[in-house]
Amino acid sequence: MADVKLTAETRTEFGKGAARRIRRENKVPAVVYGHGADPVHITLPGHELQLALRTPNVLLTLDIEGRSELAIPKAVQRDAIKGFLEHVDLLTVKRGEKVNVEVYVHTEGELAPGAYLLEHVLSTLTVEAEATHIPESVTVSIAGLEAGASITAKDIPLPAGTTLAIDEDAVVLQVLAAQAEEAPEEAEGTAEAGAEA
């Protein structure tokens, strides 16, 4: 799991105008909360934060005016068109503390030969992990699965120290039979038969 250090500045200005000014300076407004403490409003360097958030469940070490805080992203708001960061909510964590996070489910292997489709019922899995050892993703094999097969949360191998935080019988992946399309010749034959009648 990645651990990224960022220097944060506390902010006292709020509202849309203040947020626009912050973003013009290539910084991102953010709020840090957790452990019953009052929320701290900060600004973070835009480019460094954008790079850090490419890693799912990244652990951030924030230097807030000389005080060090560990935090994980809880909510990230991006501009719908341009994709730049508008605001980030961060949750403070402590070493050894357990947190609930969502991790992406990756598949490996090939389905059994035939016309089968793999449906991702859930693209992420909610797990409980130690804050400094959050897995970026989990991987499950789909090798040889046929229509009707499904993989539930309990079937997915988790890293040591990580446990499920959802119903273990929740379906994550399922294999479906592809729907056969009517052949063009058959469709023409049916139309001709209807015209003759």
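One-based numbering along the sequence shown. If you're wondering where the values come from, they're calculated on a predicted model, not measured in any experiment.
- For the pair Ile151 and Leu145, the minimum side-chain heavy-atom distance is below 4.5 Å.
- Looking at heavy atoms from C-beta onward, Thr43 lies out of side-chain contact with Val28 at the 4.5 angstrom threshold.
- Asp38 CG: 12 or fewer foreign heavy atoms inside a 6.0 Å radius.
- Thr10 is linked by a side chain to side chain donor-acceptor pair (under 3.5 Å) to Glu65, counting only residues two or more places apart in sequence or in another chain.
- Within the 4.5 Å cutoff, the side chain of His120 has heavy atoms near those of the Thr107 side chain.
- Shown here for Leu91 and Gly34, the closest heavy-atom pair between the two residues is CD1-CA, 4.0 Å.
- Ile42 and Ala8 make their closest contact through CD1-CB, 3.8 Å (heavy atoms, listed as atom of the first residue, atom of the second, distance).
- Both Ile72 and Leu125 belong to a common hydrophobic cluster when Ile, Leu, Val, Met, Phe, Trp and Tyr are linked at side-chain heavy-atom distances under 4.5 angstrom.
- Considering every non-hydrogen atom in both Pro73 and Leu90, the closest pair reads CA-CD2, 3.7 Å.
- Judged by distance alone, the side chain of Gln50 and the main-chain N or O of His47 form no donor-acceptor pair under 3.5 Å.
- Remark: Arg78 pairs with no residue by the salt bridge (charged side-chain N to carboxylate O under 4.0 Å, His left out) rule, at least two apart or across chains.
- Across all their heavy atoms, Glu97 and Thr92 have their closest contact at OE1-O, 4.3 Å.
- Under a hydrophobic clustering in which Ile, Leu, Val, Met, Phe, Trp and Tyr are joined whenever their side-chain heavy atoms come within less than 4.5 Å, directly or via other members, Ile22 and Leu44 fall into different clusters.
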Test side-chain contact (heavy atoms from CB on, under 4.5 Å) applied to Val105 and Ile156, step by step: CA-CA 9 Å; Val105 177; Ile156 297 176; 4.2 Å; yes
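- A donor-acceptor contact closer than 3.5 angstrom is absent between the side chains of Gln174 and Ser150.
- A 4.5 Å side-chain heavy-atom check between Ile142 and Leu173 finds at least one atom pair inside the cut-off.
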side-chain contact (heavy atoms from CB on, under 4.5 Å) between Tyr104 and Glu136, intermediate numbers included: CA-CA 7 Å; Tyr104 287 101; Glu136 290 180 18; over 6 Å; no
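- For the atom pair CG of Asp167 and OG1 of Thr126, the computed distance is 11.5 Å after rounding to the nearest 0.5 Å.
- Shortest non-hydrogen contact noted between Val93 and Ala71 is CG2-N, 4.2 Å.
- With sequence neighbours excluded, the residues forming a side chain to side chain contact (heavy atoms under 4.5 Å, CB included) with Lys5 are Thr61, listed by chain and number.
- Here the closest heavy-atom approach between residue Pro135 and residue Val103 is recorded as O-CG1, 3.1 Å.
- Although no hydrogens or angles enter the test, the distance criterion places no donor-acceptor pair under 3.5 Å between the side chain of Glu110 and the main chain of Ala143.
- Without hydrogens or angle criteria, Asp89 side chain to Val32 main chain gives no donor-acceptor distance under 3.5 Å.
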